[in-house]
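Throughout, a chain's letter reflects where its sequence line sits, starting with A, and its residues are numbered from 1. It should be emphasised that the depicted structure is a prediction, and the values quoted were computed from it without experimental measurement.
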Amino acid sequence: MPFKRYVEIGRIALVNYGKDYGKLVVIVDVIDQNRALVDAPDMVRGQMNFKRLTLTDIKIDIKRVPNKKTLVAALEAADVKNKWESSSWGRKLIVQKKRASLNDFDRFKIMLAKIKKAGVVRQELAKLKKETTG
Amino acid sequence: MAPQQRKPHLCRNPDLIRGVGKYSRSKMYHKRGLWAIKAKNGGAFPKHDKKAAAAAPAEKPPKFYPADDVKKPLVNKRKARPTKLRASITPGTVLIILAGRFKGKRVVFLKQLTSGLLLVTGPFKINGVPLRRVNQSYVIATSTKVDISGVNVEKFDDKYFGKKVEKKKKKGEGEFFEAEKEEKNVLPQDKKDDQKSVDAALIKSIEAVPDLKSYLGARFSLKAGMKPHELVF
């Protein structure tokens, strides 16, 4: 199968190890076979091993090593944040984060809601069953 | 510790590194103004004669010397104070009791008593936990808070919860057999009234929050997949 996501200047990647775990960064330059220069609006531009990055589908249009202002403007223009949060990968991460931050009371409320929803579904199912067999 | 000047400013001889001051002896002599003090005193540093020590009352030699040296215990200036309350526990916090008869019950924290134990109530109507003392170590503090402003807990202290002292009755021969059947421990009516008065205001503020009443009535338990060190309470 051919590759679909390439390491290129402007590729958005997710940091999967280290101090900036979970951040979306932009690859602004390639240093050598193993390292890239990455930058993000809330971090100092620095090098990162490719093994610490997971490439995403999103790519923005920038020149090699832009300055911070240009980078932020390019991110805004490409609407990276919304694209990410509406992608299924991004949505999954948001849900995981929400679940991890749940209070004991929140977990209780969710349990009640699940039971309620299951009850409603079961009622509908019972109705449908009656229609087909009756 | 070197005594600081009254006004907060650098000491006269700041350290360049530990053990080496910035100024030499002669410079420090000048900075301390010893020359001015000497000048005021006519060339010599002012001397004060020692005060005659008050004559100590004549001690009689002791009558008895112990055979072995008696060791004196070391001095201990520690003061007893109630256990430090965790920052997450404030009046109105919902706590999860971890041990004892009410383990797993979610309970409302009222105040910390002088012994360090936490005063806690179910409320009784909701989950059967009465006004009770509980140790801080056997409790998980959740971040859910209940409004406790309408509750007066001034009158409860450790003595309220102590065991009642019964007067010992002299037992005669015949009474040995009768004394076997002890009277049942009935809760006195005033304790029941205290419980009701504390719970009345609490229940009102609990019912203002949706689902909170059933939350307090349910017990906490670990289910499959729950990792306590990763849970946020």
Side-chain angles (χ1 to χ4, degrees), chain A residues 13-25 40-43 48-49 51-54 56 81-82 84-127, chain B residues 86-98 102-109 120 122-123 126-127 129 134 138-148 202-203 205-233:
Chain A
L14 185 67
V15 179
N16 58 28
Y17 182 90
K19 193 171 66 110
D20 302 307
Y21 180 82
K23 264 205 214 157
L24 280 180
V25 293
D42 57 344
M43 73 182 246
M48 229 182 236
N49 194 316
K51 293 187 174 174
R52 290 195 177 194
L53 297 173
T54 321
T56 68
K81 191 156 184 281
N82 285 337
W84 175 245
E85 285 173 3
S86 56
S87 72
S88 63
W89 185 358
R91 275 183 285 135
K92 264 189 275 177
L93 286 188
I94 290 177
V95 169
Q96 279 175 13
K97 221 178 275 187
K98 188 80 178 70
R99 286 213 180 119
S101 71
L102 282 179
N103 198 345
D104 189 45
F105 189 26
D106 294 334
R107 267 175 262 135
F108 181 79
K109 285 191 271 194
I110 285 179
M111 176 193 71
L112 294 183
K114 272 195 187 165
I115 293 175
K116 211 171 189 183
K117 176 181 125 184
V120 171
V121 167
R122 206 167 290 146
Q123 271 188 336
E124 282 301 314
L125 185 62
K127 244 190 272 177
Chain B
R86 262 180 269 161
S88 52
I89 304 182
T90 62
T93 313
V94 172
L95 307 174
I96 300 177
I97 298 186
L98 296 173
F102 299 107
K103 54 177 157 292
K105 294 270 192 192
R106 297 169 169 122
V107 136
V108 179
F109 168 69
V120 127
I126 297 183
N127 54 20
V129 180
V134 111
Y138 298 94
V139 136
I140 295 181
T142 66
S143 47
T144 316
K145 312 266 184 225
V146 173
D147 181 21
I148 212 178
L202 255 185
I203 293 187
S205 48
I206 288 174
E207 289 181 340
V209 181
D211 291 332
L212 189 57
K213 190 151 175 231
S214 45
Y215 173 63
L216 290 175
R219 282 211 202 218
F220 171 81
S221 73
L222 280 179
K223 313 245 172 23
M226 289 172 107
K227 299 179 194 146
H229 67 293
E230 283 179 2
L231 288 179
V232 167
F233 283 100

Quiz item: Rounded to the nearest 0.5 Å, how far apart are CZ of F108(A) and CG of D211(B)?
Solution: 6.5 Å

Is it the case that atom [atom1] in [X] sees more than 12 heavy atoms from other parts of the structure closer than 6.0 Å?
{"X": "K145(B)", "atom1": "NZ", "value": "yes"}
{"X": "Q123(A)", "atom1": "CD", "value": "no"}
{"X": "R86(B)", "atom1": "CZ", "value": "yes"}
{"X": "K213(B)", "atom1": "NZ", "value": "no"}

Quiz item: What part of I96(B) gets closer than 4.5 Å to chain A, counting heavy atoms only: side chain, backbone, both or neither?
Solution: side chain

Quiz item: Measuring heavy-atom distances to chain A, does T142(B) have an atom under 4.5 Å in its side chain, in its backbone, in both, or in neither?
Solution: side chain

Quiz prompt | Contact origin within L112(A) toward chain B - heavy atom pairs under 4.5 Å | solution = side chain

Self-check item: Cation-aromatic face contact R107(A)/Y215(B), 6.0 Å, 45 degrees
Solution: no

Quiz prompt | Heavy-atom side-chain proximity of D104(A) to T144(B) below 4.5 angstrom | solution = no

